Amino acid sequence: MIALAISRDPVAKGVARILGLETSTGGAAFALAKRGELLAIVHNGDSTEVPPEGELRGLGIEHLVVPSRHEMARPRPMLTTHTPGTPPSLSVAHASLKSWLFRHICEERPEGYDCELEATHHGPNTEQISVTFIEVGSTEREWSDERALRTLASALEDLTDFKPSGAPVVMSVGDLHYSLLKQEVLNGVDIGHVIHKDVADVDLTLRALSKHVEAPRVVVIYKKSLKGAVRRGVLDALRERGVELDVR
């Protein structure tokens with residue numbers, strides 16, 4: 001089952017309001033809110049925090065989608081999706097779900113907004129439940145922009161109709177913060193973890209490979225972004241595991 005995670009984040013609160021979801025926990029650590037078949041976990045933490053995985057699994061929840069604010073050094077209006085995770089661990093990536101959400105928000109984004117696939121970054125790290133962030137950025141003006149919030153709400157409202165695409169799952173290593181695979185995902189490829197060039201190494205690559213709902217069929221390697229020793233180590237480790245490589 002897929003559920004939303006509604007935190008104290010301003011974008012999460014705005015999306016919950018549009019969807020007609022209750023945002024009070026009643027003093028509990030977390031509470032459940034529903035609109036039809038759409039389920040939300042409401043808590044008072046930040047968007048990078050989630051309730052204990054064991055408790056969520058006990059409720060039948062296997063996947064979380066987290067509406068959240070997006071911030072950047074040079075702000076511009078933007079809608080994004082990404083899988084979270086900080087080295088040495090990462091969250092479980094749901095490539096098909098993330099890519100489906102990305103295509104949805106790109107198709108419906110308001111005038112003046114870009115859409116981007118971000119590299120894997122910030123918490124939480126999970127072991128059992130996949131987590132996918134869907135964000136509005138990059139300043140308070142955009143976080144309260146009703147057009148952007150409605151775009152996210154529209155995608156989240158349609159989650160009850162989500163079905164895995166069956167498209168090939170890829171992951172990338174040595175990518176940029178805003179993935180170079182954006183157009184390929186818009187054309188139908190599903191992408192899981194996107195490992196940024198500044199944190200890529202053998203251990204993180206293998207950890208990322210193992211933390212997917214559906215294992216990647218192909219790993220895209222941006223060889224010029226990786227230092228020689230790291231590049232050789234990553235390529236050798238993936239070849240040993242019989243992974244198909246797309247070296248660019």
Side-chain angles (χ1 to χ4, degrees), residues 1-5 37-41 47-68 80-106 117-135 152 155-156 158-173 175 179 181-182 184-196 200 203-220 238 241-246:
M1 177 173 25
I2 301 172
L4 307 185
E37 296 300 310
L38 185 64
L39 176 67
I41 300 294
S47 58
T48 57
E49 303 168 307
V50 296
E53 290 184 74
E55 296 184 39
L56 297 179
R57 290 282 295 188
L59 294 168
I61 296 168
E62 300 171 291
H63 314 291
L64 281 180
V65 177
V66 184
S68 177
T80 73
T81 60
H82 72 91
T83 302
T86 54
S89 190
L90 301 165
S91 284
V92 178
H94 194 327
S96 186
L97 177 59
K98 179 175 73 171
S99 303
W100 180 87
L101 287 167
F102 180 66
R103 290 187 282 266
H104 200 306
I105 62 175
C106 285
L117 278 165
E118 289 191 274
T120 299
H121 69 294
H122 73 57
N125 294 335
T126 61
E127 298 299 328
Q128 304 174 59
I129 291 176
S130 80
V131 184
T132 304
F133 273 68
I134 181 169
E135 301 181 342
L152 262 63
L156 298 174
D158 288 346
L159 276 173
T160 54
D161 296 325
F162 165 75
K163 292 181 177 59
S165 69
V169 172
V170 305
M171 119 178 180
S172 65
V173 180
D175 210 333
S179 177
L181 291 169
K182 170 181 173 177
E184 289 171 59
V185 175
L186 288 175
N187 290 340
V189 169
D190 288 343
I191 190 167
H193 278 297
V194 175
I195 305 304
H196 189 271
D203 289 343
L204 189 62
T205 297
L206 296 180
R207 176 63 62 92
L209 187 68
S210 71
K211 298 194 79 169
H212 284 78
V213 171
E214 181 183 348
R217 297 185 197 175
V218 179
V219 178
V220 177
L238 291 173
R241 285 156 180 80
V243 178
E244 182 179 343
L245 301 178
D246 178 351

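The first residue of the sequence shown is numbered 1, and numbering continues consecutively from there. Worth saying up front: this structure is predicted, and the values here are computed from it rather than measured.
Here the side chains of Ile61 and Leu39 are in contact, with some heavy-atom distance below 4.5 Å. You'll find the side chain of Leu209 reaches within 4.5 Å of the side chain of Pro216, heavy atoms only. You'll find the side chain of Leu90 reaches within 4.5 Å of the side chain of Leu204, heavy atoms only. For the pair Val220 and Glu184, the minimum side-chain heavy-atom distance is 4.5 Å or more.
Between Leu56 atom CG and Glu62 atom CD the span is 11.5 Å, to the nearest 0.5 Å. Between the CD1 atom of Ile134 and the NZ atom of Lys98 there is a distance of 12.5 Å, given to the nearest 0.5 Å. Note that CD1 of Ile105 and CG of Leu152 are 6.0 Å apart. Values are rounded to the nearest 0.5 Å. Atoms CG and CG, from Leu38 and Leu156 in turn, are 7.5 Å apart once rounded to the nearest 0.5 Å. Of the inter-residue distances, the one linking Leu64 atom CG with Phe133 atom CZ reads 9.5 Å to the nearest 0.5 angstrom. Atoms OG1 and CG, from Thr80 and Leu101 in turn, are 11.0 Å apart once rounded to the nearest 0.5 Å.
Evaluated for a side-chain contact (heavy atoms from CB on, under 4.5 Å) with Trp100, the options Asp161, Leu159, Thr132 yield exactly one hit, Leu159.
Taking every heavy atom of both residues into account, Val66 and Ala5 meet most closely at CG2-CB, 3.9 Å. Minimum interatomic distance between Val92 and Gln128 (heavy atoms only, all atoms of both residues): CG2-N, 4.3 Å. Residues Ser130 and Val213 share a closest heavy-atom pair of CB-CG2, 3.9 Å. A pairwise comparison of heavy atoms in Gly192 and Ala95 identifies N-CB, 3.5 Å as the closest pair. Of all heavy-atom pairs spanning Thr86 and Gly123, the tightest one is CG2-N, 3.9 Å. In terms of heavy-atom proximity, Val194 sits nearest to Ile191 at CG2-CD1, 3.5 Å.
Pairs engaging residues 208-220 under the side chain to side chain donor-acceptor pair (under 3.5 Å) rule: Ser89-Lys211, Glu127-Lys211 [sequence neighbours left out]. Applying the side chain to side chain donor-acceptor pair (under 3.5 Å) test to residues at least two apart or on different chains, the pairs with a partner in residues 186-196 are Ser96-Asp190, Arg103-Asp190, Thr120-His193, Ser165-Asp190, Gln183-Asn187.
Classified by interplanar angle (parallel below 30°, tilted 30° to 60°, perpendicular above 60°), the ring pair His122/His82 is perpendicular.
Partners of Arg207 under the salt bridge (Lys or Arg N to Asp or Glu O under 4.0 Å) rule, at least two apart in sequence or in another chain, do not exist in this structure.
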Assess the residue pair Leu117 and Leu181 against the criterion (side chain to side chain contact (heavy atoms under 4.5 Å, CB included)); give the C-alpha distance rounded to whole Å, side-chain angles, the decisive distance to 0.1 Å, and a yes or no. CA-CA 8 Å; Leu117 278 165; Leu181 291 169; 5.5 Å; no
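Ring centroid separation for the pair His63 and Phe162 does not come in under the 6.0 Å cut-off.
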